[in-house]
Amino acid sequence: MKNIALITGATSGIGEATMRLLAENHFDLIITGRRAERLEVLKKEITDTSDVHVLTRCFDIRNRDEVSSAISSIPSEWQHIDILINNAGLAAGFDTIQEGNIDDWEQMIDTNVKGLLYISRAVIPGMIERKKGHIINISSTAGKEVYAKGNVYCATKHAVDAINKAMRIDLLEHGIKVTSINPGMVETEFSVVRFKGNKEKADHVYSGLDPLRGNDIAEIILFTLTRPAHVNLNEIIITPAAQANSFYIYRKNQ
Ligand code: NDP
Ligand code: 8X3
């Protein structure tokens with residue numbers, strides 16, 4: 001029987017790249033996001049080109065009832081979820097704390113922290129029953145350091161870092177592995193979302209350097225998932241070669 005991986009936020013960026021790489025490596029996939037059409041296009045692409053089975057679940061991770069019914073309605077043959085990749089998330093806005101937009105704050109907290117908790121709470125009991133599972137939490141270098149105008153986004157990723165450590169402790173006796181992956185700058189839809197569609201501002205984030213791509217993170221995820229049974233990678237920090245941390249970035253054009 002193939003392993004089943006549930007990936008949140010599989011409609012773009014890191015989640016989409018991970019979906020493709022896990023499909024190439026014969027994992028069956030439950031892919032989620034809010035954009036139904038993208039989910040169906042991706043499902044068709046994978047099922048047309050491989051022997052991998054794909055189940056889609058379209059829901060807003062901020063909505064507790066939607067999360068609960070998306071998971072409880074999973075058909076029985078899909079219920080033994082082996083891997084949960086908590087990837088859905090975003091930054092909204094780039095402002096000082098005194099000028100911050102409270103709707104942006106709520107969206108980040110509700111998605112990155114509460115949404116991650118809702119889905120984890122729905123999936124973990126099955127893993128405990130089966131005494132098998134691996135949870136990968138996509139945090140960030142923003143979960144390790146706080147940078148100017150990053151305030152609430154950084155706070156949500158610090159929370160993911162704490163939740164990751166807490167999961168590791170609570171799930172230890174149940175044989176469930178837990179890993180956090182903390183990327184630096186990855187060129188995805190992330191900055192376009194953060195700057196609310198302003199492509200010029202988004203492109204500026206990566207100017208003068210060669211950023212990570214979604215597939216770089218997907219490869220780390222695959223490596224993490226394919227370690228021997230007795231090995232757990234607790235946390236991984238990965239940045240572009242030109243980025244030392246949130247503050248030190250070498251740009252060729254400056
Ligand atoms: P993208 O914007 O490309 O992808 C974000 C994904 O999250 C999309 O699939 C989106 O799906 C999903 N998502 C967002 N909000 C919701 C929601 N309310 N309900 C369900 N799904 C949602 O960005 P990335 O791939 O870069 O981001 C993935 C993760 O990586 C995030 O947690 C981000 O914080 C983290 N990260 C990103 C870095 C970067 O530099 N890009 C660096 C470090 C961490 P849809 O819109 O269809 O709902
Ligand atoms: C996303 C990368 O640089 O905005 O987590 O923190 S950054």
Side-chain angles (χ1 to χ4, degrees), residues 6-20 31-42 56-64 66-67 70 85-94 103-104 106-116 118-119 136-161 163-164 180-197 201-202 204-206 209 211-218 220-221 235-240 242-249:
L6 188 159
I7 306 171
T8 67
T11 53
S12 69
I14 294 170
E16 182 181 344
T18 303
M19 182 214 70
R20 287 180 201 283
I31 56 173
T32 82
R34 289 165 301 179
R35 287 171 283 183
E37 201 187 321
R38 281 206 193 189
L39 289 171
E40 292 314 316
V41 168
L42 291 167
T56 61
R57 280 289 177 274
C58 182
F59 61 88
D60 188 328
I61 206 164
R62 291 171 293 177
N63 185 315
R64 197 168 152 178
E66 283 185 30
V67 174
I85 302 179
N86 277 324
N87 166 72
L90 81 164
F94 189 72
D103 288 335
D104 286 346
E106 296 201 313
Q107 188 182 9
M108 290 187 279
I109 293 166
D110 290 350
T111 310
N112 302 357
V113 183
K114 291 167 71 179
L116 181 148
Y118 296 157
I119 191 103
I136 299 210
N137 295 307
I138 305 299
S139 183
S140 171
T141 45
K144 300 288 176 188
E145 297 152 338
V146 177
Y147 55 86
K149 299 186 179 176
N151 41 65
V152 175
Y153 178 66
C154 294
T156 65
K157 290 301 183 177
H158 276 69
V160 173
D161 193 49
I163 292 165
N164 185 75
S180 79
I181 297 182
N182 301 268
M185 301 163 95
V186 192
E187 192 165 12
T188 60
E189 294 180 11
F190 178 85
S191 291
V192 178
V193 170
R194 169 173 245 171
F195 294 113
K196 301 175 184 174
K201 273 192 180 173
H204 189 65
V205 173
Y206 311 107
L209 63 87
L212 297 171
R213 283 105 180 145
N215 191 56
D216 295 315
I217 310 305
I220 300 298
I221 292 173
E235 56 180 313
I236 298 168
I237 298 178
I238 166 172
T239 60
Q243 180 183 21
N245 54 35
S246 294
F247 314 107
Y248 291 95
I249 299 165

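Every number for a ligand or one of its atoms is a count from 1 in the order of the listing. Residue indices begin at 1 and follow the sequence shown. When reading the values below, keep in mind they use all heavy atoms of this one structure, side chains included, and skip hydrogens, waters and symmetry mates.
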> How close does the nearest protein non-hydrogen atom get to atom 2 (C) of ligand 2, and which residue and atom is it?
Replying inline: G184 O, 3.8 Å
> Among protein heavy atoms, which lies nearest atom 14 (C) of ligand 1, and at what distance?
Replying inline: R34 NH2, 3.5 Å
>> Under a 4.0 angstrom heavy-atom cut-off, which atoms of ligand 1 come close to R62?
In response: 18 (N)
>> Under a 4.0 angstrom heavy-atom cut-off, which atoms of ligand 2 come close to R194?
In response: 4 (O)
> Going by distance only, is there an N or O of Q243 that falls short of 3.5 Å from an N or O of ligand 2?
Replying inline: no
> Tell me: protein heavy atom nearest atom 12 (C) of ligand 1, and distance?
Replying inline: G9 CA, 3.6 Å
>> Yes or no: does S139 have any heavy atom under 4.0 Å from an atom of ligand 1?
In response: yes
> Counting N and O atoms only, with roles assigned by atom type, does the side chain of D110 sit under 3.5 Å from a partner on the main chain of R62, one being a donor and the other an acceptor?
Replying inline: no
>> Can you name the atoms of ligand 2, numbered from 1 with element, that are less than 4.0 Å from a heavy atom of F190?
In response: 1 (C), 4 (O)
> Who's closest to atom 27 (O) of ligand 1 heavy-atom-wise, of G13, G89, A88?
Replying inline: G89
>> Checking a contact table here: which protein heavy atom is nearest atom 35 (C) of ligand 1, and how many Å away?
In response: I138 CG2, 3.8 Å
> Which residue supplies the protein heavy atom nearest to atom 36 (N) of ligand 1, what is that atom called, and how far is it?
Replying inline: Y153 OH, 3.8 Å
> Which residue and non-hydrogen atom of the protein lie closest to atom 26 (O) of ligand 1, and at what distance in Å?
Replying inline: T188 OG1, 2.6 Å
> Hey, is ligand 1 close enough to I14 that some N/O pair sits below 3.5 Å?
Replying inline: yes
> Which residue supplies the protein heavy atom nearest to atom 28 (C) of ligand 1, what is that atom called, and how far is it?
Replying inline: N87 OD1, 3.1 Å
>> Quick check on contacts: which atoms of ligand 2 are under 4.0 angstrom from a heavy atom of A142?
In response: 6 (O)
> In the protein, which heavy atom is nearest to atom 42 (C) of ligand 1, and how far is it?
Replying inline: G184 O, 2.9 Å
> For ligand 1, is any non-hydrogen atom under 4.0 Å from R35's backbone (N, CA, C, O), its side chain (CB onward), both, or neither?
Replying inline: both
> Between the candidates G214, C58, S12, G115, which shows the shortest non-hydrogen contact distance to atom 1 (P) of ligand 1?
Replying inline: S12
> Looking only at protein heavy atoms, which one is nearest to atom 7 (S) of ligand 2, and how far off is it?
Replying inline: Y147 OH, 3.5 Å
> If you measure every N/O of S140 against every N/O of ligand 2, is any gap under 3.5 Å?
Replying inline: yes
> Between Y206 and ligand 1, is there a nitrogen or oxygen pair with a distance under 3.5 Å?
Replying inline: no
